[in-house]
Enquirer: 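One structure, pasted below without further comment.
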Amino acid sequence: MHKGKWITGSARKELADAFTKEYREGRSIRAIAEAHGRSYGFVHRVLTEAGAPLRARGGDVRTGTAHSTR
């Protein structure tokens, strides 16, 4: 899909499913956006619309990628 092109209907649903799957596997929103040639805001909005539970800032603490604040 070309950047800037409107994505609606079933194409948006398929993209939302793909983004959600990648996000649940531990990829960051930025990494997903870069891989698909989309903006951070677009990926964030699609994930939110899909009802995906978003992680807190700083990385996934379960995998040890979170940054220490000390």
Side-chain angles (χ1 to χ4, degrees):
M1 284 182 215
H2 300 293
K3 187 171 184 175
K5 183 178 178 186
W6 285 79
I7 302 171
T8 59
S10 63
R12 192 172 185 100
K13 171 77 170 104
E14 290 175 20
L15 200 56
D17 292 343
F19 287 176
T20 300
K21 181 179 183 290
E22 290 180 39
Y23 189 72
R24 286 189 176 148
E25 290 173 350
R27 286 187 91 180
S28 69
I29 293 175
R30 289 196 191 284
I32 296 168
E34 187 175 323
H36 291 271
R38 306 303 299 192
S39 71
Y40 175 95
F42 176 80
V43 174
H44 186 276
R45 187 170 43 256
V46 170
L47 286 171
T48 302
E49 289 172 2
L54 300 180
R55 296 186 293 268
R57 292 179 59 175
D60 187 354
V61 292
R62 293 172 295 163
T63 61
T65 59
H67 302 285
S68 176
T69 58
R70 293 182 188 212

Enquirer: Test of understanding: with side chain to side chain contact (heavy atoms under 4.5 Å, CB included), list the residues that count as partners of A33, not counting sequence neighbours.
Expert: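 Applying side chain to side chain contact (heavy atoms under 4.5 Å, CB included) to A33 gives V43.
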Enquirer: To the nearest 0.5 Å, how far apart are OG1 in T8 and NZ in K13?
Expert: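 Taking OG1 in T8 and NZ in K13, the distance rounds to 14.5 Å.
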Enquirer: So, Y23 side chain and R55 main chain: donor-acceptor pair closer than 3.5 Å or not?
Expert: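 Between the backbone of R55 and the side chain of Y23 there is a qualifying donor-acceptor contact (under 3.5 Å).
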Enquirer: List in chain and number order the residues that pass side chain to side chain contact (heavy atoms under 4.5 Å, CB included) with A35, two or more places apart in sequence or in another chain; answer none if no residue qualifies.
Expert: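 A35 satisfies side chain to side chain contact (heavy atoms under 4.5 Å, CB included) with R27 once adjacent residues are dropped.
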Enquirer: May I ask you to check whether H36 and F19 place their ring centres under 6.0 Å from each other?
Expert: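 Ring centres of H36 and F19 closer than 6.0 Å.
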Enquirer: From L47 CG over to R45 CZ, what is the distance, rounded to the nearest 0.5 angstrom?
Expert: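 Interatomic distance, L47 CG to R45 CZ, rounded to 0.5 Å: 11.0 Å.
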Enquirer: Identify, with sequence neighbours excluded, every residue that meets side-chain hydrogen bond (donor to acceptor under 3.5 Å, both in side chains) alongside E49.
Expert: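 Counting only residues at least two positions away or on another chain, E49 forms a side-chain hydrogen bond (donor to acceptor under 3.5 Å, both in side chains) with R12.
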Enquirer: Using a strict cut-off of less than 4.0 Å between a Lys/Arg side-chain nitrogen and an Asp/Glu carboxylate oxygen, indicate whether D17 and K21 qualify as a salt bridge.
Expert: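 No, D17 and K21 are not salt-bridged.
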Enquirer: Mind listing the closest non-hydrogen atom pair of R24 and A52 along with its distance?
Expert: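 The answer is NH2-CA, 4.4 Å.
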Enquirer: Rounded to the nearest 0.5 Å, what separates atom CD in E22 from atom OG in S28?
Expert: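 E22 atom CD to S28 atom OG measures 10.0 Å (nearest 0.5 Å).
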